[in-house]
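These numbers were taken from a predicted model, which means no experiment stands behind them.
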Amino acid sequence: MTGQSSGRPGGGESRIVREFADNTLLLMLFGPHNAHLDDIGRELGVVIATRGNRVTISGPPESIERAGDVLDGLYSRLEKGSEVGPADVAAALRMGGEPEIVLATRRRQISPRSPAQAAYLRAMERHELVFGLGPAGTGKTYLAVAKAVTMMIKGEVDRIILCRPAVEAGERLGFLPGDLREKVDPYLRPLYDALHDMLPGDQVAKRLAAGDIEVAPLAFMRGRTLASSFVILDEAQNTTPVQMKMLLTRLGEHSRMVVTGDPSQIDLPAGARSGLDDALDVLAGMENVGFVRFGDRDVIRHALVTRIVRAYDSRDAKRGNGGK
C-alpha cells in the first residue's frame with residue numbers, strides 16, 4: 001500500500017490518499033456496498049471516496065490519519081489470509097494503530113478487539129498469574145481459553161484446566177437431579193463453548209477423555225498440584241476467600257493461571273466476602289501477578305446491537321432532558 005497527503009484550504013480539513021496494490025482484496029476491505037468504509041467514516045467523522053485501488057479520506061487531520069491507519073491494518077489482515085467483517089472493522093477502530101496480536105488455534109485466528117484485550121494478552125504472556133476483571137462480554141474467559149489452547153498446541157503446557165464455582169447450587173451438587181456430568185454441565189457450558197470455538201469437536205472430545213483438558217467445578221481442585229498446566233478460574237467473584245486461596249495454592253511448576261470475574265456481580269449470600277475481592281487486597285503489588293481491568297466500553301457487541309444500545313441511550317437521554 002502507498003499513501004500521500006495534501007492539505008485542503010479552509011475549514012481546518014485535510015485529505016490523504018491510500019493506494020492498495022492487490023485489487024482482489026478491495027471488495028473485502030471495502031465491504032458490501034462499501035459498508036466497511038461507511039462504518040469507518042461515520043465513526044471517525046471523515047468522508048471516504050474510492051476510485052479503482054485509490055482511497056481518498058477527507059476530514060480533520062487527526063481523524064483522517066486514524067482512518068488511514070485502520071484501513072492499512074485491515075488490508076494487512078487480508079494479505080495474511082484473515083477475513084475482515086463488521087466486527088473486525090469495529091475492533092480496528094477501537095484498537096487504533098496498536099500492533100496486532102494473533103493467537104492461532106486449530107479453528108481460527110483470534111486477535112484482541114480492544115486495547116484492554118491487548119493488555120490482557122500481554123499480561124498472560126508476561127505473568128504466571130493474571131486477574132482479568134470486568135463486566136460480562138469483554139472477552140475475559142474467551143481470550144484466556146484461546147491463550148491456553150495456543151500454549152497447548154505449542155507444547156508449552158500439557159493440560160488445560162477450566163473451573164467455575166457452582167455457586168447457584170452452593171457447591172451442594174448432590175441436591176441436583178442426574179449424574180455428575182448432568183449436574184455440573186450447566187455451570188460449565190460457557191467453557192465448553194469456548195473450547196469448541198477453537199478446536200475441532202473430535203479433538204475436544206479426545207482431549208477431554210484423555211484428561212489433557214479438564215472442565216470441572218472449583219470444589220474438585222482441592223488437594224491437587226497443577227503442574228505444567230494452564231488453569232482458568234471463571235466467575236471468580238463467586239468464590240469464598242477459602243476457595244480462592246485453595247486454588248491459588250494449587251499452582252505447580254511450569255504452569256499459568258488466569259482468574260476472571262466481575263467484582264460488581266457477586267452472587268454469594270448477603271454479607272459473605274468474595275474470594276476475588278480478598279485476593280485483590282492480598283496480592284496487590286506482588287511480583288509476577290498481573291491485573292487487567294475491563295470497562296463497559298470493552299464489551300464486544302454485534303454492530304447492530306451497538307447501534308440498538310446507542311438508540312436506547314439517546315432516547316433515554318432525551319427523556320432525561322424533558323423529552324418524550
Side-chain angles (χ1 to χ4, degrees), residues 1-8 13-122 139 142-143 146-147 149-150 153-154 197-200 298 300-307:
M1 73 197 73
T2 60
Q4 63 187 65
S5 62
S6 62
R8 170 180 288 182
E13 291 197 343
S14 298
R15 177 193 299 121
I16 62 173
V17 177
R18 289 290 197 269
E19 188 170 329
F20 299 96
D22 190 344
N23 288 336
T24 63
L25 300 179
L26 295 187
L27 178 60
M28 289 182 286
L29 178 64
F30 297 167
H33 307 292
N34 288 350
H36 297 166
L37 301 183
D38 291 343
D39 288 343
I40 295 169
R42 181 169 50 250
E43 182 69 24
L44 299 181
V46 298
V47 176
I48 303 177
T50 65
R51 184 173 183 178
N53 64 342
R54 292 167 61 90
V55 178
T56 302
I57 310 169
S58 304
E62 290 185 4
S63 297
I64 63 173
E65 290 295 339
R66 186 176 171 199
D69 290 342
V70 168
L71 285 173
D72 290 345
L74 294 172
Y75 183 78
S76 179
R77 281 180 58 87
L78 291 169
E79 286 185 311
K80 295 173 184 176
S82 298
E83 296 181 354
V84 168
D88 301 299
V89 175
L93 286 165
R94 283 190 294 267
M95 295 294 293
E98 190 165 337
E100 187 176 32
I101 303 170
V102 179
L103 299 180
T105 68
R106 294 291 189 219
R107 296 194 65 180
R108 63 180 60 205
Q109 291 186 333
I110 297 167
S111 299
R113 296 186 179 276
S114 73
Q117 287 192 352
Y120 188 45
L121 289 178
R122 287 193 295 268
Y142 190 85
L143 288 176
K147 182 63 175 176
V149 168
T150 57
I153 291 172
K154 293 177 181 178
D197 214 26
M198 299 165 198
L199 292 170
D298 298 305
I300 308 302
R301 299 182 175 101
H302 187 285
L304 179 58
V305 174
T306 299
R307 291 195 291 270

With a 4.5 Å heavy-atom cut-off, do [X] and [Y] have their side chains touching?
| X | Y | answer |
| --- | --- | --- |
| Arg107 | Met198 | no |
| Thr56 | Arg51 | no |
| Pro61 | Glu65 | no |

Please report the shortest heavy-atom distance between [X] and [Y], naming the atom on each side.
| X | Y | value |
| --- | --- | --- |
| Pro112 | Ala118 | CB-N, 3.5 Å |
| Ile48 | Ile57 | CG1-CG2, 4.2 Å |
| Ile16 | Gly68 | CD1-CA, 4.2 Å |
| Ile64 | Gly59 | CG2-N, 3.3 Å |
| Lys147 | Leu103 | N-CD1, 3.8 Å |
| Ile110 | Arg108 | CG1-CG, 3.8 Å |

Subject >> side-chain contact (heavy atoms from CB on, under 4.5 Å) between Thr105 and Leu199, worked out >> reply: CA-CA 7 Å; Thr105 68; Leu199 292 170; 5.7 Å; no
Please report the interatomic distance [atom1]([X]) to [atom2]([Y]), rounded to the nearest 0.5 Å.
| X | Y | atom1 | atom2 | value |
| --- | --- | --- | --- | --- |
| Arg94 | Ser114 | CZ | OG | 6.5 Å |
| Thr50 | Leu37 | OG1 | CG | 6.5 Å |
| Arg77 | Glu79 | CZ | CD | 12.5 Å |
| Leu25 | Phe20 | CG | CZ | 10.0 Å |

Is a side-chain N or O of [X] found less than 3.5 angstrom from the main chain of [Y], in a donor-acceptor match?
| X | Y | answer |
| --- | --- | --- |
| His36 | Met28 | yes |
| Tyr75 | Asp22 | yes |
| Ser111 | Ile101 | yes |

Subject >> Salt-bridge criterion met for Asp88 and Arg113 (N-O under 4.0 Å) >> reply: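 A salt bridge is present here (some side-chain N lies under 4.0 Å from a carboxylate O).
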Original post:
Any salt bridge between Asp72 and Arg18, counting N to O under 4.0 Å?
Top reply: yes
Original post:
Among side-chain atoms of Asp197 and Tyr142, is any donor-acceptor pair under 3.5 angstrom?
Top reply: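 Looking only at side-chain atoms, Tyr142 and Asp197 do form a donor-acceptor pair, the distance falling under 3.5 Å.
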**OP:** Decide yes or no on side-chain contact (heavy atoms from CB on, under 4.5 Å) for Leu78 and Leu74, but give the supporting numbers first.
**Re:** CA-CA 6 Å; Leu78 291 169; Leu74 294 172; 5.7 Å; no
Original post:
Considering the options Leu71, Ile40, Leu44, which one meets the side-chain contact (heavy atoms from CB on, under 4.5 Å) requirement together with Arg66?
Top reply: Leu44
